[in-house]
Amino acid sequence: MDESCRLSPEQERNIYQLHNNDPLDPGYRNFLSKLTEPLLERLSPGARGLDFGCGPGPALAQMLEAEGMVVSLYDPYFYPSTDVLAQTYDFITCTEVAEHLYAPASVFRNLDGMLRPGGWLAVMTCFQTDDDRFDNWHYRRDPTHVVFYRESTFELLGNKFGWHLEIPGKDVALFRK
């Protein structure tokens, strides 16, 4: 997205606060389970992770902690401490975050640096699959969504960083470093 079309940080934060990310909402937890279930199958008990872009209600972190994982939080608006970005992790999650990145290549490079060898990067975003319907696609109409991904985009990312890619379900990409 051209910089002139971007929202201000305050406008972005205000939109994010409208999202229903209630950690106790069964519907939201079910939505997140598209990522947590396949990720948990691949993690060892007690693995250390980072919920990157966790938002105001870190439901995903709570779900992973309930399964014995240790999870740090980062979100530029709601959990802005950058101390957690100077550590390394067994896994990093990015749920509904990748589409908000103004500089995705740089962010993925930074995430790679925080991921331990053998670790997992778990990304959930709505994959762009139909060029003919792009103009009216609901996901494109969110003014905070500035970049979109196809499965082939994730294949390119995996190749660039030497990650092994798995697509365990709709709109979920798991990378193993």
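- Taking all atoms of both residues into account, the shortest heavy-atom contact from Cys94 to Leu111 is SG-CD1, 3.8 Å.
- The heavy-atom pair separating Phe108 from Ala98 by the smallest distance is CZ-CB, 4.4 Å.
- The distance from the OG1 atom of Thr93 to the CG atom of Leu60 is 4.5 Å, given to the nearest 0.5 Å.
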Given the rule in the ring-ring contact (aromatic ring centres under 6.0 Å, His included) test, do Phe52 and Tyr74 qualify, once you have shown the distances and angles that lead to the verdict? CA-CA 5 Å; Phe52 183 84; Tyr74 175 76; 5.4 Å; yes
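- Taking each heavy atom of Gln128 and Phe148 in turn, the nearest pair found is CB-CB, 4.3 Å.
- Asp51 places no side-chain N or O within 3.5 Å of a backbone atom of Leu73 that could act as its donor or acceptor partner.
- Of the charged side-chain nitrogens involved, none lies within less than 4.0 Å of a carboxylate oxygen, so that Glu155 and Arg150 do not count as a salt-bridged pair.
- Scanning all heavy atoms of the two residues, the minimum distance from Asp75 to Gly53 falls at OD2-C, 3.4 Å.
- Taking a cutoff of 4.0 Å between a charged side-chain nitrogen and a carboxylate oxygen, Arg48 and Asp90 do not qualify as a salt bridge.
- Here Leu157 contributes atom CG and Ser152 contributes atom OG; the two are 10.5 Å apart, rounded to the nearest 0.5 Å.
- Atom CZ of Arg42 sits about 5.0 Å away from atom CG of Leu174, to the nearest 0.5 Å.
- Under the 4.5 Å side-chain heavy-atom criterion for grouping Ile, Leu, Val, Met, Phe, Trp and Tyr, Val70 is not connected to Leu121 through any hydrophobic cluster.
- A 4.5 Å side-chain heavy-atom check between Arg29 and Leu32 finds every atom pair outside the cut-off.
- Contact check for Ser72 versus Tyr89: side-chain heavy atoms found under the 4.5 Å cut-off.
- Follow the hydrophobic side-chain contacts under 4.5 Å out from Ile167 and you reach Val97 in the same cluster.
- For the pair Pro38 and Ser33, the tightest heavy-atom approach, listed with the atom from each and the gap, is CD-O, 3.8 Å.
- The backbone N or O of Leu115 sits less than 3.5 Å from a side-chain atom of Lys177, completing a donor-acceptor pair.
- To the nearest 0.5 angstrom, Glu37 atom CD is 7.5 Å from Met63 atom CE.
- Qualifying ring-ring contact (aromatic ring centres under 6.0 Å, His included) partners for Tyr149, counting only residues two or more places apart in sequence or in other chains: Phe154.
- Of the possible donor and acceptor atoms, none in the side chain of Lys34 sits under 3.5 Å from a partner among the backbone N and O of Val172.
- Cation-pi geometry between Arg6 and Tyr102 is met: under 6.0 angstrom from the ring centre, within 45 degrees of the axis.
- You'll find the ring centres of Trp120 and Phe91 outside the 6.0 Å limit.
- Under the 4.5 Å side-chain heavy-atom criterion for Ile, Leu, Val, Met, Phe, Trp and Tyr, Val123 and Leu85 are members of the same hydrophobic cluster.
- In this structure, CD in Gln87 is found 9.0 Å from CZ in Arg116, a value given to the nearest 0.5 Å.
- The distance from atom CE of Met124 to atom CG of Asp171, rounded to the nearest 0.5 Å, is 8.0 Å.
- Across all non-hydrogen atoms, the minimal contact from Pro58 to Pro56 is CD-O, 3.5 Å.
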Leu50 vs Val71, test: side-chain contact (heavy atoms from CB on, under 4.5 Å). Steps then yes/no. CA-CA 5 Å; Leu50 174 66; Val71 185; over 6 Å; no
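- Residues Asp112 and Phe175 have side chains not in contact (no heavy-atom distance under 4.5 Å, counting atoms from C-beta outward).
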